[in-house]
Amino acid sequence: MQVKSNLILAVSPGDMSEALALGAPIAHLSYRVGKGLHLFRSSIPVAARGGLLAVDDTGFDGRGEATPFCHEVLRECAARGGAGVVCLFSAPPLRSLSEMLAQLEELLAERGWPLYVSEPYAPSCKRAKILIPTALSGGSLRQRLSEAAARYTPGRLALWVERVAQDFYLPSPTGQGTPLSQEELRALMEERQPSVFFSDELCAHYFTFMSRQNGAHFILFDDLSSVRKKLHVARSLGISDALLPYAPFRDLLPDLLRVP
(Lines give C-alpha, C1' and ligand atoms only; values in the text may rest on other atoms or scores of the structure.)
Protein backbone atom coordinates (compact mmCIF):
# COMPACT_ATOMS: atom_id res chain seq x y z
CA MET A 1 0.00 0.00 0.00
CA GLN A 2 1.41 3.39 -0.97
CA VAL A 3 1.62 6.31 1.40
CA LYS A 4 0.47 9.83 0.54
CA SER A 5 3.11 12.41 -0.39
CA ASN A 6 3.64 15.24 2.07
CA LEU A 7 5.00 18.07 -0.09
CA ILE A 8 6.85 20.87 1.70
CA LEU A 9 7.83 24.00 -0.23
CA ALA A 10 11.22 25.56 0.52
CA VAL A 11 10.56 29.26 -0.10
CA SER A 12 12.72 32.39 -0.08
CA PRO A 13 11.27 35.61 1.42
CA GLY A 14 10.64 37.20 -1.98
CA ASP A 15 8.36 34.35 -3.07
CA MET A 16 6.57 33.94 0.25
CA SER A 17 3.28 35.71 -0.51
CA GLU A 18 2.87 33.80 -3.76
CA ALA A 19 3.75 30.46 -2.17
CA LEU A 20 1.45 30.90 0.82
CA ALA A 21 -1.52 31.17 -1.55
CA LEU A 22 -0.99 27.53 -2.54
CA GLY A 23 -1.77 26.35 0.97
CA ALA A 24 1.11 23.85 1.22
CA PRO A 25 3.48 23.50 4.21
CA ILE A 26 6.38 25.95 4.04
CA ALA A 27 10.06 25.77 4.93
CA HIS A 28 11.45 29.31 5.21
CA LEU A 29 14.72 29.73 3.26
CA SER A 30 15.59 32.68 5.48
CA TYR A 31 18.18 31.35 7.91
CA ARG A 32 21.91 30.72 7.94
CA VAL A 33 24.53 29.42 10.34
CA GLY A 34 26.61 32.52 10.93
CA LYS A 35 30.10 33.15 12.28
CA GLY A 36 30.57 31.98 15.84
CA LEU A 37 27.73 29.53 15.33
CA HIS A 38 24.87 32.00 15.57
CA LEU A 39 21.54 31.96 13.76
CA PHE A 40 21.29 34.69 11.13
CA ARG A 41 17.89 35.59 9.67
CA SER A 42 16.80 37.55 6.64
CA SER A 43 13.55 39.49 6.44
CA ILE A 44 10.38 37.39 6.58
CA PRO A 45 6.87 38.71 5.83
CA VAL A 46 4.77 39.21 8.96
CA ALA A 47 2.06 36.94 7.57
CA ALA A 48 4.52 34.06 7.14
CA ARG A 49 4.12 32.44 10.53
CA GLY A 50 4.42 28.74 11.21
CA GLY A 51 6.20 26.23 9.03
CA LEU A 52 9.79 25.05 9.24
CA LEU A 53 13.02 27.01 9.63
CA ALA A 54 15.34 26.17 6.73
CA VAL A 55 18.98 26.81 7.64
CA ASP A 56 22.03 26.67 5.33
CA ASP A 57 25.74 26.81 6.15
CA THR A 58 27.05 28.95 3.30
CA GLY A 59 30.25 30.64 4.39
CA PHE A 60 30.28 29.13 7.90
CA ASP A 61 33.81 29.00 9.36
CA GLY A 62 33.28 25.90 11.52
CA ARG A 63 33.78 27.70 14.84
CA GLY A 64 31.41 28.12 17.76
CA GLU A 65 29.49 26.39 20.51
CA ALA A 66 26.54 24.12 19.76
CA THR A 67 24.34 24.71 22.82
CA PRO A 68 23.80 28.50 22.43
CA PHE A 69 22.98 28.03 18.75
CA CYS A 70 20.38 25.35 19.54
CA HIS A 71 18.66 27.69 21.99
CA GLU A 72 18.69 30.48 19.38
CA VAL A 73 16.87 28.11 17.02
CA LEU A 74 14.29 27.18 19.66
CA ARG A 75 13.64 30.85 20.48
CA GLU A 76 13.17 31.64 16.79
CA CYS A 77 10.74 28.74 16.38
CA ALA A 78 8.75 30.00 19.36
CA ALA A 79 8.75 33.59 18.10
CA ARG A 80 7.72 32.66 14.55
CA GLY A 81 5.31 29.88 15.45
CA GLY A 82 7.67 27.42 13.80
CA ALA A 83 7.28 23.69 14.14
CA GLY A 84 10.55 22.15 13.00
CA VAL A 85 13.89 22.73 11.28
CA VAL A 86 15.44 21.84 7.92
CA CYS A 87 19.27 21.92 7.85
CA LEU A 88 20.45 22.23 4.26
CA PHE A 89 24.13 21.77 5.02
CA SER A 90 26.70 21.03 2.32
CA ALA A 91 29.38 18.35 2.38
CA PRO A 92 31.88 17.59 3.77
CA PRO A 93 30.46 17.58 7.29
CA LEU A 94 31.93 19.88 9.93
CA ARG A 95 32.45 18.63 13.47
CA SER A 96 30.83 21.70 15.03
CA LEU A 97 27.67 21.25 12.96
CA SER A 98 27.58 17.50 13.63
CA GLU A 99 27.69 18.18 17.38
CA MET A 100 25.04 20.86 17.06
CA LEU A 101 22.67 18.56 15.14
CA ALA A 102 23.00 15.82 17.75
CA GLN A 103 21.83 18.29 20.39
CA LEU A 104 19.21 19.99 18.27
CA GLU A 105 17.38 16.82 17.32
CA GLU A 106 16.96 15.91 21.00
CA LEU A 107 15.59 19.35 21.85
CA LEU A 108 13.21 19.31 18.90
CA ALA A 109 12.06 15.76 19.68
CA GLU A 110 11.10 16.86 23.21
CA ARG A 111 8.70 19.32 21.58
CA GLY A 112 7.44 16.90 18.93
CA TRP A 113 9.06 18.95 16.13
CA PRO A 114 10.82 17.30 13.17
CA LEU A 115 14.40 17.85 12.04
CA TYR A 116 15.47 17.31 8.42
CA VAL A 117 19.18 17.03 7.64
CA SER A 118 21.29 16.75 4.50
CA GLU A 119 22.45 13.20 3.86
CA PRO A 120 26.16 13.76 4.74
CA TYR A 121 25.06 14.60 8.30
CA ALA A 122 22.95 11.46 8.77
CA PRO A 123 25.56 9.78 11.02
CA SER A 124 25.25 12.69 13.47
CA CYS A 125 21.56 12.00 14.13
CA LYS A 126 19.51 9.14 15.53
CA ARG A 127 15.99 10.16 14.53
CA ALA A 128 16.19 13.12 12.14
CA LYS A 129 14.74 12.79 8.64
CA ILE A 130 17.45 12.45 6.02
CA LEU A 131 17.14 14.39 2.76
CA ILE A 132 17.94 12.26 -0.29
CA PRO A 133 18.48 14.27 -3.51
CA THR A 134 16.55 13.00 -6.53
CA ALA A 135 18.91 14.29 -9.23
CA LEU A 136 20.97 11.47 -10.75
CA SER A 137 23.19 11.29 -13.81
CA GLY A 138 23.43 7.51 -13.67
CA GLY A 139 22.14 4.47 -11.83
CA SER A 140 18.58 4.05 -10.59
CA LEU A 141 16.50 6.28 -8.33
CA ARG A 142 14.56 3.28 -7.02
CA GLN A 143 17.78 1.48 -6.12
CA ARG A 144 19.20 4.62 -4.54
CA LEU A 145 16.13 5.06 -2.35
CA SER A 146 15.87 1.34 -1.59
CA GLU A 147 19.45 1.27 -0.33
CA ALA A 148 18.86 4.36 1.81
CA ALA A 149 15.63 2.87 3.19
CA ALA A 150 17.44 -0.35 4.09
CA ARG A 151 20.08 1.63 5.95
CA TYR A 152 17.89 4.17 7.76
CA THR A 153 14.28 2.85 7.38
CA PRO A 154 11.74 4.52 5.05
CA GLY A 155 10.22 6.58 7.86
CA ARG A 156 13.49 8.45 8.33
CA LEU A 157 13.82 9.47 4.69
CA ALA A 158 12.58 12.50 2.78
CA LEU A 159 13.17 13.50 -0.82
CA TRP A 160 14.98 16.68 -1.76
CA VAL A 161 13.38 17.05 -5.19
CA GLU A 162 15.56 18.78 -7.76
CA ARG A 163 14.26 19.88 -11.16
CA VAL A 164 16.90 18.61 -13.52
CA ALA A 165 17.79 20.39 -16.77
CA GLN A 166 21.35 19.58 -17.81
CA ASP A 167 23.44 19.25 -20.95
CA PHE A 168 26.04 16.47 -20.91
CA TYR A 169 28.77 16.25 -23.53
CA LEU A 170 29.37 12.64 -24.56
CA PRO A 171 31.41 10.92 -23.41
CA SER A 172 31.02 12.40 -19.91
CA PRO A 173 33.74 10.91 -17.69
CA THR A 174 32.89 13.13 -14.69
CA GLY A 175 29.12 12.67 -14.91
CA GLN A 176 28.73 16.44 -14.57
CA GLY A 177 26.52 18.35 -16.97
CA THR A 178 26.01 22.02 -17.73
CA PRO A 179 22.85 23.40 -16.07
CA LEU A 180 20.18 24.76 -18.40
CA SER A 181 17.52 27.29 -17.52
CA GLN A 182 13.94 26.43 -18.48
CA GLU A 183 14.16 29.09 -21.19
CA GLU A 184 17.35 27.54 -22.58
CA LEU A 185 15.78 24.09 -22.51
CA ARG A 186 12.67 25.28 -24.36
CA ALA A 187 14.74 27.11 -26.96
CA LEU A 188 16.91 24.04 -27.52
CA MET A 189 13.88 21.80 -27.99
CA GLU A 190 12.29 24.25 -30.41
CA GLU A 191 15.52 24.44 -32.38
CA ARG A 192 16.29 20.71 -32.46
CA GLN A 193 12.77 19.23 -32.45
CA PRO A 194 14.18 16.07 -30.81
CA SER A 195 12.64 12.70 -30.12
CA VAL A 196 12.22 12.68 -26.34
CA PHE A 197 12.51 9.49 -24.30
CA PHE A 198 11.90 8.63 -20.66
CA SER A 199 14.37 6.85 -18.37
CA ASP A 200 12.60 4.66 -15.80
CA GLU A 201 15.89 4.35 -13.92
CA LEU A 202 16.56 8.08 -13.60
CA CYS A 203 12.86 9.07 -13.58
CA ALA A 204 13.66 11.85 -16.05
CA HIS A 205 13.25 12.67 -19.75
CA TYR A 206 16.15 12.83 -22.16
CA PHE A 207 17.13 13.41 -25.76
CA THR A 208 20.34 13.52 -27.74
CA PHE A 209 21.68 15.59 -30.62
CA MET A 210 24.93 16.34 -32.44
CA SER A 211 26.57 19.75 -32.78
CA ARG A 212 29.54 20.75 -34.90
CA GLN A 213 31.21 22.56 -32.01
CA ASN A 214 30.89 19.98 -29.22
CA GLY A 215 29.85 16.70 -30.82
CA ALA A 216 27.29 14.53 -29.06
CA HIS A 217 24.98 16.02 -26.41
CA PHE A 218 22.77 14.21 -23.89
CA ILE A 219 20.03 16.42 -22.42
CA LEU A 220 18.39 15.28 -19.20
CA PHE A 221 15.36 17.14 -17.87
CA ASP A 222 12.29 17.01 -15.64
CA ASP A 223 8.71 18.02 -16.23
CA LEU A 224 5.44 17.44 -14.38
CA SER A 225 5.22 13.75 -15.28
CA SER A 226 8.82 12.94 -14.30
CA VAL A 227 8.49 14.70 -10.94
CA ARG A 228 5.29 12.78 -10.30
CA LYS A 229 7.17 9.59 -11.16
CA LYS A 230 9.88 10.38 -8.60
CA LEU A 231 7.24 10.95 -5.93
CA HIS A 232 5.48 7.74 -6.96
CA VAL A 233 8.68 5.71 -6.61
CA ALA A 234 9.29 7.19 -3.16
CA ARG A 235 5.72 6.47 -2.04
CA SER A 236 5.99 2.88 -3.22
CA LEU A 237 8.94 2.45 -0.86
CA GLY A 238 7.11 4.03 2.09
CA ILE A 239 8.79 7.47 1.82
CA SER A 240 6.15 10.16 2.30
CA ASP A 241 7.95 13.48 2.85
CA ALA A 242 9.33 15.52 -0.04
CA LEU A 243 10.83 19.01 0.00
CA LEU A 244 10.82 21.08 -3.18
CA PRO A 245 12.54 24.44 -3.69
CA TYR A 246 9.73 26.77 -4.72
CA ALA A 247 11.30 28.84 -7.49
CA PRO A 248 12.31 26.03 -9.91
CA PHE A 249 8.90 24.36 -9.52
CA ARG A 250 6.72 27.48 -9.60
CA ASP A 251 4.94 26.53 -12.85
CA LEU A 252 4.40 22.89 -11.84
CA LEU A 253 3.17 23.30 -8.27
CA PRO A 254 -0.53 23.94 -8.93
CA ASP A 255 -0.72 20.56 -10.66
CA LEU A 256 1.61 18.76 -8.22
CA LEU A 257 -0.45 19.93 -5.25
CA ARG A 258 -3.81 19.21 -6.83
CA VAL A 259 -5.62 16.34 -5.11
CA PRO A 260 -7.03 13.88 -7.71
Side-chain angles (χ1 to χ4, degrees), residues 1-10 24-25 27 29 52 54 56 84-93 98 101 105 109 114-166 168 172 174-177 179 197-206 218-246 248-249 252-253 255-260:
M1 181 178 178
Q2 288 190 4
V3 297
K4 180 181 178 181
S5 293
N6 174 36
L7 301 184
I8 302 169
L9 308 183
L29 292 173
L52 304 169
D56 74 47
V85 179
V86 180
C87 290
L88 300 171
F89 296 162
S90 55
S98 295
L101 288 173
E105 76 164 346
L115 172 65
Y116 297 82
V117 301
S118 302
E119 189 178 10
Y121 282 90
S124 305
C125 303
K126 298 178 181 179
R127 58 170 66 88
K129 296 224 173 190
I130 301 156
L131 294 167
I132 307 295
T134 61
L136 300 174
S137 59
S140 162
L141 180 61
R142 178 174 290 277
Q143 181 178 351
R144 170 92 164 87
L145 296 178
S146 295
E147 291 173 352
R151 184 174 182 180
Y152 299 111
T153 74
R156 284 198 59 199
L157 299 184
L159 295 189
W160 176 254
V161 186
E162 299 166 280
R163 188 172 182 177
V164 174
Q166 288 190 308
F168 297 86
S172 178
T174 64
Q176 299 295 317
F197 304 93
F198 185 78
S199 168
D200 285 320
E201 290 76 22
L202 301 176
C203 294
H205 299 281
Y206 68 93
F218 176 84
I219 308 297
L220 190 68
F221 69 96
D222 279 319
D223 65 3
L224 179 62
S225 63
S226 65
V227 175
R228 280 177 168 165
K229 178 66 173 180
K230 296 176 200 287
L231 296 173
H232 172 80
V233 169
R235 289 196 306 268
S236 72
L237 296 171
I239 303 168
S240 59
D241 286 5
L243 278 76
L244 298 82
Y246 177 79
F249 288 93
L252 303 183
L253 284 171
D255 288 314
L256 282 174
L257 295 171
R258 185 174 295 125
V259 178

*Before giving the answer on ring pair (Phe, Tyr, Trp, His ring centres under 6.0 Å), spell out for F221 and Y206 the whole-Å C-alpha distance, their side-chain angles and the decisive distance to 0.1 Å.*
CA-CA 6 Å; F221 69 96; Y206 68 93; 9.1 Å; no
*What do you reckon, is CZ of R127 surrounded by more than 12 foreign heavy atoms closer than 6.0 Å?*
yes
*Give every residue pair that meets the side-chain hydrogen bond (donor to acceptor under 3.5 Å, both in side chains) criterion with at least one member in residues 141-150, sequence neighbours excluded.*
E119-R144, R142-S236, Q143-E147
*asked:* Pair L244, I8 - check side chain to side chain contact (heavy atoms under 4.5 Å, CB included), show working.
replied: CA-CA 6 Å; L244 298 82; I8 302 169; over 6 Å; no
*Could you pull out the closest heavy-atom pair between L101 and C87, with the gap in Å?*
CD2-SG, 3.6 Å
*Atom pair OG/CG of S140 and L202 - distance to nearest 0.5 Å*: 8.0 Å
*Is there a donor-acceptor contact under 3.5 Å from the side chain of K230 to the main chain of C203?*
yes
*Can you find a heavy atom in the side chain of V117 that is under 4.5 Å from one in the side chain of S124?*
no
*Where is the tightest heavy-atom contact between Y121 and P92, given as atom of each residue plus distance?*
OH-O, 4.1 Å
*Check step by step if side chain to side chain contact (heavy atoms under 4.5 Å, CB included) holds for V227 and F249.*
CA-CA 10 Å; V227 175; F249 288 93; 3.7 Å; yes
*Considering all heavy atoms of both residues, which atom of I239 and which atom of P154 are nearest to each other, and what is their separation?*
CG1-O, 4.1 Å
*Where do Y116 and L243 land on the side chain to side chain contact (heavy atoms under 4.5 Å, CB included) test, with the steps shown first?*
CA-CA 10 Å; Y116 297 82; L243 278 76; 4.0 Å; yes
_Using modelled atom types and a 3.5 Å cut-off, is there a donor and acceptor pairing between side-chain atoms of S118 and backbone atoms of F89?_
yes
*asked:* Could you report the tightest heavy-atom contact between F168 and G177, atom names first, then the distance?
replied: CE2-N, 3.3 Å
*With side chains defined as the heavy atoms from C-beta onward, is the minimum distance between P25 and N6 less than 4.5 Å?*
yes
*Walk me through it: do L7 and L231 pass the test side chain to side chain contact (heavy atoms under 4.5 Å, CB included)?*
CA-CA 9 Å; L7 301 184; L231 296 173; 3.9 Å; yes
_Heavy-atom closest pair, residues A27 and V86_ = CB-CG2, 4.3 Å
Can you give the donor-acceptor pairs under 3.5 Å from side chains of residues 129-138 to other protein atoms, not counting sequence neighbours?
unit_1 : atom_1 : unit_2 : atom_2 : d
K129   : NZ     : G155   : O      : 3.4
K129   : NZ     : D241   : OD2    : 3.2
T134   : OG1    : E162   : N      : 3.1
S137   : OG     : G175   : O      : 3.2

_With a 3.5 Å distance limit and no angle check, can you tell me whether E105 reaches the backbone of K126 through a side-chain donor-acceptor pair?_
yes
*Electrostatic pair R163:D223 at N-O distance under 4.0 angstrom*: no
_Flag for S225-H205: side-chain donor and acceptor within less than 3.5 Å_ = yes
*Minimum heavy-atom distance A54-L29, with the two atoms named*: CB-CD2, 3.7 Å
*Can you find a heavy atom in the side chain of I219 that is under 4.5 Å from one in the side chain of Q166?*
no
